[in-house]
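Numbers here are sequence positions counted from 1.
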Amino acid sequence: MGLIHIEMFATLDLVGQAPGGPDEDPVGFPFGGWQAPLIDEVTGAQVQAAYEGTDALLLGRRTYDIFAAYWPHQEGGPDDGIAALFNRIPKYVASRGRPDLSWAGSTQLGPDLVGAVREVRDRHENVKVVGSLNLVQTLLREKLFDRIDLWVHPIVLGVGKKVFDGGAVPTNVTLVEPPVANPKGTVYLRYGLADGTPATGDMAGRDQDAGRVD
């Protein structure tokens with residue numbers, strides 16, 4: 001069985017909507033393309049390294065349409081490495097409609113999304129989910145992921161669809177490597193899914209114990 005990695009670009013208030021451009025998801029959202037001014041060479045290198053070993057993409061319909069219109073035309077340019085990878089590997093699309101699957105290697109998942117995603121994970125070693133906020137809510141709800149890679153950018157928007165936007169359930173995660181900050185203040189966090197659900201305690205009782213002298 002392979003691994004499902006969610007790759008997510010978010011603001012400090014965890015808005016993940018339309019980071020790449022104003023036309024990605026414009027309805028009611030005035031900040032499309034908020035990520036572009038915060039990209040630097042460090043972040044670009046982090047992103048490229050994060051995709052090493054990826055052998056399949058799992059995408060929602062909107063993200064798939066954006067990628068399919070862009071990546072087939074980017075080989076030989078500044079993003080040649082990622083373009084060649086994305087164009088080569090299989091793409092799986094979660095959609096209730098009838099998407100145009102003209103991008104080579106694309107397959108629409110069946111109506112049993114949870115079962116279909118499990119089959120994809122069984123078929124591949126390293127499946128990347130990029131953007132696709134609606135799909136991510138299902139994966140969070142079903143705990144159908146193995147890692148969340150989260151780039152947290154130093155801006156607050158106060159509006160927009162969020163990474164944990166109604167799909168999250170009580171879940172433990174563990175930091176799998178030290179955080180990395182780039183010169184513009186973006187912090188790269190890698191979390192792995194952990195067993196169990198969050199525990200609770202009493203901080204007041206802990207404070208009393210800490211101050212007690214036996």
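Contact annotation: the side chain of Thr11 never approaches that of Val156 to less than 4.5 Å [non-hydrogen atoms, C-beta and beyond]. Leu57 is not listed as a side-chain neighbour of Pro90, based on a closest heavy-atom distance of 4.5 Å or more. Using a 4.5 Å cut-off on side-chain heavy atoms (C-beta onward), Thr197 and Lys143 make contact. Side-chain contact between Val159 and Val15: absent, with no pair of heavy atoms (C-beta onward) separated by less than 4.5 Å. In this structure, the side chains of Leu135 and Leu59 stay at 4.5 Å or more apart for every pair of heavy atoms. Looking only at side-chain heavy atoms (C-beta outward), Val117 and Thr138 stay at 4.5 Å or farther from each other. In this structure the side chain of Leu133 never reaches within 4.5 angstrom of the side chain of Asp165, judged on heavy atoms. For the pair Leu140/Ile148, a side-chain contact is recorded, criterion being any heavy-atom separation below 4.5 Å from C-beta on.
Among pairs with a residue in residues 85-95, none fulfils salt bridge (charged side-chain N to carboxylate O under 4.0 Å, His left out), at least two apart in sequence or across chains. Pairs passing the ring pair (Phe, Tyr, Trp, His ring centres under 6.0 Å) check and including a residue from residues 17-42, sequence neighbours excluded, read Trp34-His153. Sequence neighbours left out, the pairs with a member in residues 53-80 that pass salt bridge (charged side-chain N to carboxylate O under 4.0 Å, His left out) are Asp25-Arg62, Arg61-Asp65.
Within a 6.0 Å sphere centred on CG of Asp112, other residues, nucleotides and ligands contribute more than 12 heavy atoms.
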Distance-only donor-acceptor pairs under 3.5 Å for side chains of residues 179-189, two or more places apart:
from   : atom 1 : to     : atom 2 : distance (Å)
Asn182 : OD1    : Lys184 : N      : 2.9
Asn182 : OD1    : Gly185 : N      : 3.0
Asn182 : OD1    : Thr186 : N      : 3.0
Asn182 : ND2    : Thr43  : OG1    : 2.3
Lys184 : NZ     : Pro37  : O      : 3.0
Tyr188 : OH     : Asp149 : OD2    : 3.2
Tyr188 : OH     : Arg190 : NE     : 3.0

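Side-chain atoms of Asp146 never come within 3.5 Å of backbone atoms of His5 as a donor-acceptor pair (strictly under, hydrogens ignored).
Of the N and O atoms on the side chains of Ser106 and Tyr64, at least one donor lies less than 3.5 Å from an acceptor on the other residue.
Residues Pro72 and Ala69 approach most closely at CD-C, 4.5 Å, considering heavy atoms. For Asn126 against Gly53, the heavy-atom pair with the smallest separation is CB-O, 3.4 Å. Heavy atoms only, all atoms of each residue included: Gln108 and Arg96 are closest at NE2-C, 4.5 Å.
Considering only residues two or more places apart in sequence or on other chains, Tyr92 meets the side-chain hydrogen bond (donor to acceptor under 3.5 Å, both in side chains) condition with Arg123, His124. With sequence neighbours left out, Gln46 forms a side-chain hydrogen bond (donor to acceptor under 3.5 Å, both in side chains) with Trp151.
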